[in-house]
Amino acid sequence: MLASMEKAKEEGADLVELCVDSMAPSSHISHIQTLFKQRTLPSIVSYRLKSSRKSSRGGCKNSCFQVLKLALDLDVEFVEMDYEVASDMSMCELIHGRSNTKIIVSSYVNGGGRPSTEKLGDLIACMQATGADVIKLEIAVDYITDLAPIFQMLTYCQVPLIAMAVGSRGLISQLLGPKFGGFLVYGSLGGKSVPGLPTLLSLKQIYKLEHTNADTKVFGVVSNPVGHSKGPILHNPAFRHTQYNGIYVPLLVDDVKEFFTTYTGIDFAGFSIGIPHKEAAVACCDEVHPLAKSIGAVNTIIRRPIDGKLVGYNTDCEASISAIEDALRERQVGNGVASHITSLLAGKTFVLVGAGGAGRALAFGAKSRGARVVIFNRNYERAKALAHAISGEALPYECLQEYCPENGMILANASAIGMEPNSNQSPIPKEALKAYEVVFDAVYTPRNTRLLREAAEVGATVVSGVEMFIRQALGQFRLFTGGLAPEDFIRKLVLEQF
Ligand SMILES: O=C1C[C@@](O)(C(=O)O)C[C@@H](O)[C@@H]1O
């Protein structure tokens, strides 16, 4: 524990929690005393009866009392105990007789479904009556929307409150804790990923929560899965660079409609929309930009400050098409062809894999530049519907590998094939790539997908999804902040991090 404490110090922790219940039954009290005395950071000494291995056999309560009393005697900064322990008469005496130590009383709430603010309020009042200085609620949540009452409690509760929502959908209970007035935030040590817990390193290096306050605007990427998104490592530093008071967080959303009808506050200011929500999110907007409307997919939603209305945009279209056009232009210049041709895609065959949100953006973009768009998608019906919408062509997915009406075509993968953890996959065999002049992959994790590697090997010009990612994010940043995006800064940052 002392070694971990040193590690926490190196990673920038302000204080650590010493979960003594994990060591108490087997360790001699003198070892615990040594730990308390030799602590090198302010500490919370916690002893949970519920998680203790011996609790059912009794005796543990004694050990709990003994350890907590020792922590109080040694003036450890915080002592944390279960509500049940704090309500015990003999503990009450200790709590009221303490000198410098602050008491955290905690309770685990697992009601199933969204907890009501009334229920939480009542619980907090009872817990406060024990003489607690700080209340901690650990809450099991099934959906990200279950966190709304917790943010309300954090905002309005008069007592210092720690909220910790358990599980991967609970992550923002930590990241947005300080914005809503939470007393402290937990992070995991050593970059270790624990569902629902940010790493301490990400708190210090990416989110820098010390800069957030009640006025901080909340932005985030609404996606499922969401862990792959590099949005947080781009937008958070960019906000700081431009001195914009915002935070950008991963939002693991199951039901996009419910998300937008739950988080209606003006502080939830803007969103990137990722897989698989780009099409469903259109219906959540009060207004949709004409381009996004014709595409039928939004990847950006902002809450308009003047009236709180949700306005949807699509920055994927311009981002992906302009990246492909730039690559074509460079290739032509490399081949000694004049560089002033404006409609580089006109008359070209543009083979698109995928007919979801990103696929729709590419299809509309390519069509608007005069390309002949041919769509392949595992779900053929969806391919046909998109082809119909843009007056393009759809072919069965099985035909992709033989499809070769001409050479010098453009291939764009807008499906998730090849995305981590399935990075050994590619939508098309290497041999078939010889028919393509430019190959684009919307997948950006990994940066160099199997498709791009193989395309480069057969001599195609490749366009990475990272380029699309950067360009769509530049567009989003402008919409989020109303100001210019620091392009050079963002490019450098993303290329360093990928
Ligand atoms: O497709 C993407 C990527 C993204 O979903 C992300 O992973 O951060 C964010 C979206 O805005 C964008 O259109």
Side-chain angles (χ1 to χ4, degrees), residues 171-172 175 202 206-207 219-239 246-253 256 259-260 269-282 284-285 288-289 291-292 295-302 310-324 352-365 412-421 423 440-447 449 463-481 485 490 493-494 497-498:
L171 180 69
I172 59 167
L175 298 179
S202 75
I206 300 171
Y207 298 104
F219 299 85
V221 48
V222 172
S223 189
N224 191 350
V226 75
H228 67 281
S229 173
K230 303 281 186 196
I233 64 163
L234 180 154
H235 287 287
N236 286 303
F239 284 149
I247 183 169
Y248 184 99
V249 296
L251 299 162
L252 181 54
V253 171
V256 73
F259 177 82
F260 283 109
F271 308 90
S272 306
I273 312 294
I275 45 170
H277 299 312
K278 292 182 186 198
E279 291 159 271
V282 174
C284 303
C285 298
V288 181
H289 185 271
L291 173 69
I295 293 171
V298 293
N299 80 322
T300 312
I301 295 182
I302 59 152
L310 293 175
V311 189
Y313 298 87
N314 192 306
T315 67
D316 279 342
C317 180
E318 193 51 35
S320 52
I321 296 297
S322 68
I324 294 171
L352 173 65
V353 182
R360 294 188 71 85
L362 275 147
F364 274 82
N413 175 38
S415 76
I417 301 171
M419 185 168 144
E420 278 164 0
S423 45
F440 163 78
D441 200 343
V443 172
Y444 71 87
T445 50
R447 179 179 180 174
T449 58
V463 185
S464 158
V466 174
E467 190 52 40
M468 172 184 174
F469 177 72
I470 293 175
R471 293 181 191 215
Q472 63 81 33
L474 292 174
Q476 281 182 342
F477 190 91
R478 285 191 286 273
L479 291 165
F480 287 165
T481 63
I490 285 179
L493 190 86
V494 172
Q497 300 274 348
F498 270 84

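Whatever order the structure lists them in is the order used to number ligands and atoms, beginning at 1.
For atom 5 (O) of ligand 1, the closest non-hydrogen atom on the protein side is Gly274 CA, 3.2 Å. Protein heavy atom closest to atom 9 (C) of ligand 1, with residue, atom name and distance, is Ser272 CB, 3.9 Å. The nearest heavy-atom contact from the protein to atom 4 (C) of ligand 1 is Val221 CG2, 4.4 Å.
Checked against a 3.5 angstrom limit, the closest N/O atoms of Gln472 and ligand 1 fall inside it. Distances between N or O atoms of Tyr444 and those of ligand 1 include at least one value under 3.5 Å.
At a cut-off of 3.5 Å, with distance as the only test, a side-chain donor of Tyr248 or Ser272 sits close to an acceptor on the other residue. With 3.5 Å as the limit, one finds no donor-acceptor pair spanning the side chains of Arg447 and Ser464.
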Inset, instruction - Decide yes or no on side chain to side chain contact (heavy atoms under 4.5 Å, CB included) for Val249 and Leu171, but give the supporting numbers first. - result: CA-CA 9 Å; Val249 296; Leu171 180 69; over 6 Å; no
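Using cut-offs of 30° and 60° for the angle between ring planes, the Phe477 and His235 rings count as parallel.
Which of Gln476, Met419, Lys278, Met468 comes nearest to atom 2 (C) of ligand 1 through a heavy atom is settled by distance: it is Lys278.
Salt-bridge formation is not detected for the pair Asp316/Arg360: no Lys NZ or Arg NE/NH1/NH2 atom is positioned less than 4.0 Å from an Asp or Glu carboxylate oxygen.
Of all the heavy atoms of Ile273, the ones lying under 4.0 Å from any atom of ligand 1 belong exclusively to the backbone. The side chain of Asp316, and not its backbone, has at least one atom closer than 4.0 Å to an atom of ligand 1 (non-hydrogen atoms only; side chain from C-beta on).
A donor-acceptor pair is defined here as one N or O able to donate and one able to accept, closer than 3.5 Å; no such pair exists between the side chain of Asn236 and the backbone of Tyr207.
Atom CD of Glu318 sits about 9.0 Å away from atom CZ of Arg471, to the nearest 0.5 Å.
Set against the non-hydrogen atoms of Ser229, the atoms of ligand 1 under 4.0 Å away are 6 (C), 7 (O), 8 (O).
Using a 4.0 angstrom heavy-atom cutoff, His228 counts as in contact with ligand 1.
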